[in-house]
Amino acid sequence: MTIIRNEGQDPIIQIANEFTVIQVSYISTGQRERLLVSSPRLGFQTLLDPLQLESLTWQTPEMYSKLLDTPYGPGVKLDARPLSALLGKD
C-alpha cells in the first residue's frame, strides 16, 4: 500500500498486486461524502456513498466470485483475460 500526497488535496491510497492497481480517495460532493475507487490502468472509476460501501459487507464470497467471471461488465470487451482464467478456474 502506498499513500500518494497531492498538494492541497486529500491523500490517495494506492493498493497494488501482480494483477492490478487501484487508488482510493475521498471526495466531498456538496453535502455528500463519497469514496472514489479508481483503476488508473484501465480507466474505470466509481463513487461510493456510505450505504453502498456498507452493502458490500452484506455480500457472500460467492457473489464476488461471480463478479470475477465478467469483471468489466456484460458485453465489455477488453484485451485482457478474466481473473478466473488467470487463477485456473476456467
Side-chain angles (χ1 to χ4, degrees):
M1 181 170 69
T2 306
I3 298 181
I4 303 168
R5 301 217 181 262
N6 295 332
E7 193 166 322
Q9 297 179 349
D10 290 325
I12 297 170
I13 297 172
Q14 182 169 290
I15 303 169
N17 66 14
E18 62 271 21
F19 300 111
T20 193
V21 174
I22 64 145
Q23 294 179 340
V24 180
S25 59
Y26 171 86
I27 291 182
S28 180
T29 58
Q31 296 178 342
R32 297 183 176 174
E33 298 169 340
R34 307 277 178 158
L35 195 65
L36 173 64
V37 181
S38 62
S39 173
R41 282 197 287 178
L42 296 176
F44 293 124
Q45 69 179 23
T46 189
L47 289 171
L48 300 171
D49 67 22
L51 182 57
Q52 290 170 316
L53 283 169
E54 180 185 2
S55 71
L56 294 175
T57 68
W58 307 336
Q59 307 308 314
T60 64
E62 293 79 22
M63 189 279 305
Y64 292 108
S65 293
K66 287 179 187 176
L67 288 176
L68 292 176
D69 287 339
T70 56
Y72 308 111
V76 176
K77 301 287 185 199
L78 292 178
D79 189 22
R81 294 184 295 162
L83 185 56
S84 58
L86 294 171
L87 297 174
K89 294 187 176 186
D90 283 348

Any idea which heavy atoms bring S25 and P11 closest together, and the distance? CB-O, 4.2 Å

Can you pull the salt bridge (charged side-chain N to carboxylate O under 4.0 Å, His left out) pairs that have at least one residue in residues 34-63, sequence neighbours excluded? R34-D49

Applying side chain to side chain contact (heavy atoms under 4.5 Å, CB included), name anything that partners T46, two or more places apart in sequence or on another chain. V37, L48

Quick one: pull up CG in N17 and CD1 in I22 and give me the separation to the nearest 0.5 Å. 9.5 Å

Restricting to side chain to side chain contact (heavy atoms under 4.5 Å, CB included), what partner residues turn up for Q59, sequence neighbours left out? M63, Y64

Treating S65 as the side-chain partner and P61 as the backbone partner, does any N or O pair qualify as donor plus acceptor under 3.5 Å? yes

Membership question, hydrophobic clusters at under 4.5 Å side-chain separation (ILVMFWY): are L35 and L51 in the same one? no

Heavy-atom nearest pair, Q45 first then S38, reads CB-CB, 3.7 Å

Supply the members, apart from L36, of the Ile/Leu/Val/Met/Phe/Trp/Tyr cluster built from side-chain contacts under 4.5 Å; use none for a lone residue. I27, L47

In terms of heavy-atom contacts, P50 and E33 come closest through CD-O, 3.8 Å

Per the salt bridge (charged side-chain N to carboxylate O under 4.0 Å, His left out) rule, what does the pair list look like for residues 11-32, sequence neighbours excluded? none

If you look at every heavy atom in A16 and V21, which pair is closest and at what distance? CB-CG2, 3.7 Å

